[in-house]
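A quick write-up on the structure given underneath.
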Amino acid sequence: MTSAVRANPFVQNFLRPPATALDIAADGVRLLGVISVVIAAVWFTLLDAGVVAFSLPALMLPRFLALRPGWDIAVALSVLVAAWSNIFGLYESIPGWDLVVHAVVSGAITLMGLQALAHVGVLPGPARSRHPRVSGAVLGGMLALAFGALWEMVEWAGRTFVTAEIIVSYNDTIGDLAADGVGGVVAGLVLAGGRVTRPDSALRPPARAEHRSPRR
């Protein structure tokens with residue numbers, strides 16, 4: 001690995017060795033995700049293995065973003081639960097489970113998305129705006145709906161080109177997007193409160209915007 005890559009703050013966070021029991025537990029959940037792909041491929045189907053493998057990037061992102069271990073574990077577990085719920089058919093067998101998982105996972109993805117976009121300067125960090133809660137709720141809701149729309153497109157493509165077992169309907173799509181929006185708003189409010197990332201993160205917090213009084 002070149003020195004330029006190692007100097008990248010996201011890479012520095014990812015390569016940071018675990019320092020506490022919770023850090024080890026969070027890495028253990030990531031390892032469980034990798035093992036889950038093998039389990040799904042051997043005891044279930046290759047399609048099921050692909051579903052679990054699709055979740056692996058979301059399991060790795062918390063390390064790149066240096067989320068606190070509690071948030072790291074929560075994000076990783078929610079993504080794994082979502083993947084295995086599909087394999088065990090829980091979305092069809094438990095009423096409302098689909099909406100619950102959509103809200104939780106959408107919130108987790110939005111939390112990481114807002115953090116990443118704030119650190120690269122694409123979006124302002126909600127915690128450092130003049131109205132953090134309003135900013136967090138608006139940005140979180142909008143980003144979650146954008147992610148949700150992309151996911152619905154992926155589901156449509158999966159049903160059209162891979163398998164007709166994937167359920168795609170108007171009511172299902174609208175309900176999923178509504179749940180995504182709720183999860184995103186909650187994620188934005190959480191970020192507005194701060195204390196989501198580790199204090200030893202290599203990522204510098206976004207600079208606070210300067211607010212100037214209008215000229216008279």
Margin query: Could you tell me if the side chain of Asp27 sits less than 4.5 Å from the side chain of Arg63, heavy atoms only?
Written below: yes

Checklist line | Test item: Pro62 and Arg30 side chains (from C-beta on) under 4.5 Å apart, heavy atoms | finding: yes

Notebook entry, point to check: Shared ILVMFWY cluster between Val34 and Val75, side chains joined below 4.5 angstrom?
Noted result: yes

Margin query: Between Ser135 and Arg130, is there a side-chain heavy-atom distance shorter than 4.5 Å?
Written below: no

Margin query: Looking at Phe44, I'd like to know if its CZ atom is crowded, meaning that more than 12 non-hydrogen atoms belonging to other residues, nucleotides or ligands lie closer than 6.0 Å.
Written below: yes

Next item on the list: State, to 0.1 Å, how close Gln115 and Leu65 come at their nearest heavy-atom pair, and which atoms those are.
Entry: CB-CD1, 4.3 Å

Notebook entry, point to check: Do Met112 and Val120 sit in the same hydrophobic cluster, where Ile, Leu, Val, Met, Phe, Trp and Tyr count as joined when their side-chain heavy atoms come under 4.5 Å apart?
Noted result: yes

Item checked: Check: Phe64 ring centroid to Phe14 ring centroid under 6.0 Å -> yes

Next item on the list: Kindly give the heavy-atom pair with the smallest separation between Ala82 and Val101, and that separation in Å.
Entry: CB-CG1, 3.5 Å

Next item on the list: Could you state whether Phe88 and Val42 fall into the same hydrophobic cluster, counting links through intermediate Ile, Leu, Val, Met, Phe, Trp or Tyr residues with side-chain heavy atoms under 4.5 angstrom apart?
Entry: yes

Margin query: Quick check: is Trp43 connected to Val37 through a chain of hydrophobic side chains (ILVMFWY, heavy atoms under 4.5 Å apart)?
Written below: yes

Notebook entry, point to check: Once you round to the nearest 0.5 Å, how far does CG of Leu59 lie from CG of Leu80?
Noted result: 5.0 Å

Note to self: If you apply the rule side-chain contact (heavy atoms from CB on, under 4.5 Å), what do you find for Leu117 with Leu143, and how did you get there?
What the structure shows: CA-CA 10 Å; Leu117 292 174; Leu143 191 61; 4.1 Å; yes

Checklist line | Euclidean distance, Leu150 CG relative to Ile109 CD1, rounded to 0.5 Å | finding: 12.0 Å

Notebook entry, point to check: Yes or no on side-chain contact (heavy atoms from CB on, under 4.5 Å) for Trp84 and Val79, after CA distance, side-chain angles and deciding distance?
Noted result: CA-CA 9 Å; Trp84 280 101; Val79 172; over 6 Å; no

Margin query: I need the minimum non-hydrogen distance between Leu46 and Ala41, along with the two atoms involved.
Written below: CD2-CB, 4.4 Å

Next item on the list: Decide whether Glu155 and Trp151 meet the rule of one side-chain donor and one side-chain acceptor closer than 3.5 Å.
Entry: yes

Check: Considering only heavy atoms from C-beta outward, does the side chain of Arg16 approach that of Asp200 to under 4.5 Å?
Finding: yes

Check: Would a 4.5 Å heavy-atom cut-off, applied to side chains only, mark Tyr91 and Asn86 as touching?
Finding: yes

Note to self: Contact between Asp48 and Val52 at the side-chain level, heavy atoms closer than 4.5 Å - yes or no?
What the structure shows: no

Notebook entry, point to check: Is it true that the side chains of Asp176 and Thr173 contain a donor and an acceptor less than 3.5 Å apart?
Noted result: no

Check: Stepwise, does the side-chain contact (heavy atoms from CB on, under 4.5 Å) test hold for Asp180 with Phe147?
Finding: CA-CA 8 Å; Asp180 292 336; Phe147 284 150; over 6 Å; no

Next item on the list: Heavy atoms only: give me the nearest Ile73-Ala25 pair and the separation to one decimal.
Entry: CD1-CB, 3.9 Å

Next item on the list: Starting at CG of Leu191, measure out to CH2 of Trp71 and round the result to the nearest 0.5 Å.
Entry: 8.5 Å

Notebook entry, point to check: Is there side-chain contact between Asp98 and Asp172, with at least one heavy-atom pair below 4.5 Å?
Noted result: yes

Note to self: For residues Val182 and Val100: do they belong to one hydrophobic cluster (side chain heavy atoms under 4.5 Å, members Ile, Leu, Val, Met, Phe, Trp, Tyr)?
What the structure shows: no

Next item on the list: State, to 0.1 Å, how close Val105 and Ser78 come at their nearest heavy-atom pair, and which atoms those are.
Entry: CG2-O, 3.6 Å

Note to self: Let's go through Arg198 and Asp23 carefully: what are the C-alpha distance in whole Å and the side-chain angles of both, what is the deciding distance for side-chain contact (heavy atoms from CB on, under 4.5 Å) to 0.1 Å, and is it a yes or a no?
What the structure shows: CA-CA 11 Å; Arg198 299 169 56 93; Asp23 289 336; 2.8 Å; yes

Check: With sequence neighbours left out, what residues match Arg159 under side chain to side chain contact (heavy atoms under 4.5 Å, CB included)?
Finding: Ala164, Ile166, Val168

Item checked: Within-4.5 Å side-chain heavy-atom neighbours: Trp97 and Ser85 -> yes

Notebook entry, point to check: Is a side-chain donor or acceptor of Arg68 paired with a backbone partner of Thr197 at a separation under 3.5 angstrom?
Noted result: yes

Margin query: So which atom in Phe10 and which in Asn8 form the shortest heavy-atom distance, rounded to 0.1 Å?
Written below: N-OD1, 2.8 Å

